[in-house]
**Q** 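Below is the structure I would like to discuss, written out as structure tokens.
Below, chain A is the first sequence line, B the second, and so on; all start at residue 1.
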Amino acid sequence: MSLIQLLRVTKEYRLGRTTVHALRGIDLSFERGEFAALWGPSGSGKSSLLNLVGLVDVPTSGRVILDGRDTAGLDDGERAGLRNRQIGIVFQSFNLISVLTALENVMLPLTLAGTSSATARHAALLRLGQVGLEGQAHQRPDQLSGGQRQRVAIARALVTDPLVVIADEPTANLDAATGHQIIELMRSLNRSQSVTFVFSTHDPRLLDAVDRLIRISDGRIVDAKEAAA
Amino acid sequence: MISLTIALRSVWKNRRRSLATLLSIAVGFTAINLFSGYIQDTYTGLRRTAIHYEGLGHVTLAKPGFFERGGVNPAKYIISRDELQRLRRLIEAQPEVQLTTPLLGVSGLVSNGKISTIFIADGEEPESSARLRALPGEDRIWQQDSLDPRRSSSGLVSTGLAALLGVEAGGSATLLSTTLEGQTNALDLDVLGTWDTGNSATNDKLLRLPLDYVQRLLDTEGASRLVVLLHPEASADAFRARLAPLLKEAGIEAEMRTWEELSVFYRQVKNLFDLIFLFLFTIVFIVVLMGIVNTLTMSVMERVREIGTLRAIGMRRTGILRLFALEGGVLGLLGCAAGVAFTFAIGSIINGSGLAYTPPSSSSPVPLTVAILPVQMLVLMGLLSFVSMLAACIPARRAAQLEIVDALGHV
Ligand SMILES: Nc1ncnc2c1ncn2[C@@H]1O[C@H](COP(=O)(O)OP(=O)(O)OP(=O)(O)O)[C@@H](O)[C@H]1O
Ligand SMILES: [Mg+2]
């Protein structure tokens with residue numbers, strides 16, 4: 001059984017009187033431990049697709065099945081609970097909480113889940129270590145560089161041991177070298193911890209490392225290739 | 001609690017804006033406290049005036065109907081000597097009672113031989129009346145003389161009336177009235193002294209006369225009212241409620257009025273002050289409400305992306321609501337805390353300054369003081385913080401209703 005399954009998923013946005021067809025019938029599944037990239041031009045539907053996988057948004061039609069569970073009937077609170085425990089999200093512009101330290105940011109998903117602060121702290125420090133930021137634990141986001149912030153965000157996404165980490169253009173706000181390092185970090189975490197990653201990019205130079213490349217254009221998957229690991 | 005941490009730090013992060021909101025809450029809080037401290041002190045003063053200086057005691061008893069119609073037909077409402085004795089014995093046996101003193105009202109003409117004018121007076125028992133009128137545990141603020149128990153034909157004349165008649169201490173006048181039977185009666189009065197009633201409406205009419213003098217004038221051995229003074233902590237209403245069944249049991253028919261019901265002046269002042277207080281409170285309430293809504297609306301608008309992020313990593317809508325409600329509560333609480341400091345500072349400056357002022361319809365200045373009321377401050381603090389929290393819910397609800405995708409912004 002696949003970790004994540006999308007069945008004939010569509011997504012439409014209403015803009016006044018016109019309807020934007022962002023996704024036009026997607027059938028797609030992801031397996032445990034995958035390192036997959038969504039690639040396509042701007043407006044092709046990458047973000048829309050990742051939002052559905054991350055339970056941040058609901059499809060207009062079709063089904064999103066997470067670990068064998070159909071997410072269609074879930075209410076808002078249940079979806080929040082699933083996002084909290086089973087999904088890790090890395091954003092394009094890092095999206096750290098500015099008033100919290102790096103450590104507190106990483107602890108946050110666990111705190112929201114009701115984990116005791118000692119346990120949360122321990123787990124967060126471990127993750128900060130894995131992204132190479134144990135020394136920056138007590139700094140606020142505005143004291144960190146872009147690359148460091150994105151590492152904190154990755155640690156935050158990993159801290160609950162989620163089923164999948166989704167990352168929508170995680171390198172778009174970083175310079176090329178730093179972007180590369182971030183992808184490398186994700187790749188090594190994928191290898192060493194078997195974390196499942198699905199990220200999107202429109203930068204073809206970042207695609208060397210991926211197991212699987214999903215090309216999307218105008219809301220449709222145009223070609224999926226399995227790369228040799 | 002992480003929400004509290006975020007709320008506190010967000011308040012601090014925007015400290016310039018927070019400070020403006022805090023100050024407006026603090027000023028409102030201080031205004032309410034100082035004003036209610038002032039009226040509290042005024043009420044305390046007026047209460048003393050009514051109970052002791054006006055001689056209303058805590059509770060006054062009379063025959064049923066006396067308070068409405070006693071002026072027209074005094075004979076009908078006379079408490080006989082025997083009844084009065086029984087009544088006093090019963091009441092003085094109650095633990096909260098300090099003393100009782102009977103009164104017998106009279107009105108008529110007073111003459112200096114050349115001119116006559118109307119007077120009203122209460123005949124009072126000199127000893128018990130003097131004890132009623134003595135202020136407990138304080139220097140006497142009011143200059144007032146007492147009747148002389150050894151001189152049963154001497155009374156006190158209000159200063160306005162004395163001036164009208166051209167009499168002074170040591171002089172004499174003649175009082176003219178009708179007995180309860182309806183016969184005209186006249187008695188001479190030695191003027192023991194004069195006193196200022198403190199009220200321009202009565203200062204040219206009032207006399208204070210010994211009870212047995214008035215009894216002779218009206219040809220009766222009874223009284224029309226019995227005034228009861230309680231110990232300072234006792235409540236007049238509670239005492240009345242407790243006494244009513246005892247009176248019934250003893251077969252005594254009597255109606256009771258508390259000093260609050262009898263003192264028109266107290267009620268007028270209290271009604272006015274209470275109204276002003278309500279007005280002030282409403283204004284502060286609105287200022288706090290609008291300040292918080294305004295501040296939190298800005299806070300929500302600036303943090304839409306943060307809201308989206310929190311929701312995306314699993315915070316529920318109620319969590320967002322709580323986050324901003326807490327922020328409002330924190331602002332309210334801090335504002336009130338600053339207000340407590342202001343109240344103590346300004347309050348002690350006022351109380352230490354020795355300021356005095358002459359209140360309307362009073363004939364001498366009284367010290368301007370404000371009571372510092374810690375319990376009331378705590379209650380107000382809780383109330384305003386709660387209001388702040390509720391006010392914050394208006395923008396917070398909007399924040400909680402945001403769709404995550406919209407909040408994150410579609411980039
Ligand atoms: N919230 C929205 N409201 C209206 N239209 C939207 C919304 N989000 C996306 N769209 C539209 O849906 C289509 C797909 O957008 P999407 O953001 O998924 O593409 P993308 O591949 O992520 O593009 P980009 O590379 O620019 O991020 C676009 O035409 C976009 O304008
Ligand atoms: Mg996108």
**Q** Would you mind reporting whether B/Arg9 and A/Ser98 have side-chain heavy atoms less than 4.5 Å apart?
**A** no
**Q** Which bit of A/Asn51 comes within less than 4.5 Å of chain B, counting heavy atoms only: side chain, backbone, both or neither?
**A**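 Side chain only.
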**Q** With chain B, which of A/Asn95, A/Ile97, A/Leu112 has the greatest number of heavy-atom pairs at distances under 4.5 Å?
**A** A/Asn95
**Q** May I ask you to check whether over 12 heavy atoms, not counting those of B/Arg15, lie within 6.0 Å of atom CZ?
**A** yes
**Q** I would like to know whether B/Thr309 and A/Ile89 meet side-chain contact (heavy atoms from CB on, under 4.5 Å); could you show each step before the answer?
**A** CA-CA 9 Å; B/Thr309 307; A/Ile89 303 187; over 6 Å; no
**Q** Could you tell me whether B/Arg242 atom CZ has more than 12 heavy atoms of other residues or ligands within 6.0 Å of it?
**A** yes
**Q** Could you have a look at A/Leu55, A/Ile87, A/Thr111, A/Leu100 and say which one has the most heavy-atom pairs with chain B under 4.5 angstrom?
**A** A/Leu100
**Q** Mark yes when over 12 heavy atoms from residues, nucleotides or ligands other than B/Met298 sit less than 6.0 Å from its CE; otherwise mark no.
**A** yes
**Q** Heavy-atom distance under 4.5 Å between the side chains of B/Ile313 and A/Thr160, does that happen here?
**A**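 The answer is no, as the side chains (C-beta and beyond) never meet within the 4.5 Å cut-off.
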**Q** Return yes when atom CZ of B/Arg267 has more than 12 non-hydrogen atoms of other residues, nucleotides or ligands closer than 6.0 Å, and no otherwise.
**A**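 Atom CZ in B/Arg267 is packed in, count exceeds 12.
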**Q** Between chain A and each of B/Glu306, B/Glu403, B/Lys13, B/Arg311, count heavy-atom pairs under 4.5 Å; write down the option with the most.
**A** B/Arg311
**Q** Is there any residue in residues 70-84 of chain A with a non-hydrogen atom under 4.5 Å from a non-hydrogen atom of chain B, and which ones are they?
**A**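 Residues A/Asp76, A/Gly77, A/Glu78, A/Ala80, A/Gly81, A/Arg83, A/Asn84 are the ones that qualify, each having a heavy atom under 4.5 Å from chain B.
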**Q** Quick check on the interface: out of B/Arg305, B/Met1, B/Arg303, B/Met315, who has the most heavy-atom pairs with chain A under 4.5 Å?
**A**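 Among the listed options, the one with the most contacts to chain A is B/Arg305.
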**Q** Just checking A/Arg24: does its CZ atom have more than 12 heavy atoms from other residues, nucleotides or ligands closer to it than 6.0 angstrom?
**A** yes
**Q** Taking atom CZ of B/Phe386 as the centre, does the number of heavy atoms from other residues, nucleotides or ligands within less than 6.0 Å exceed 12?
**A** no
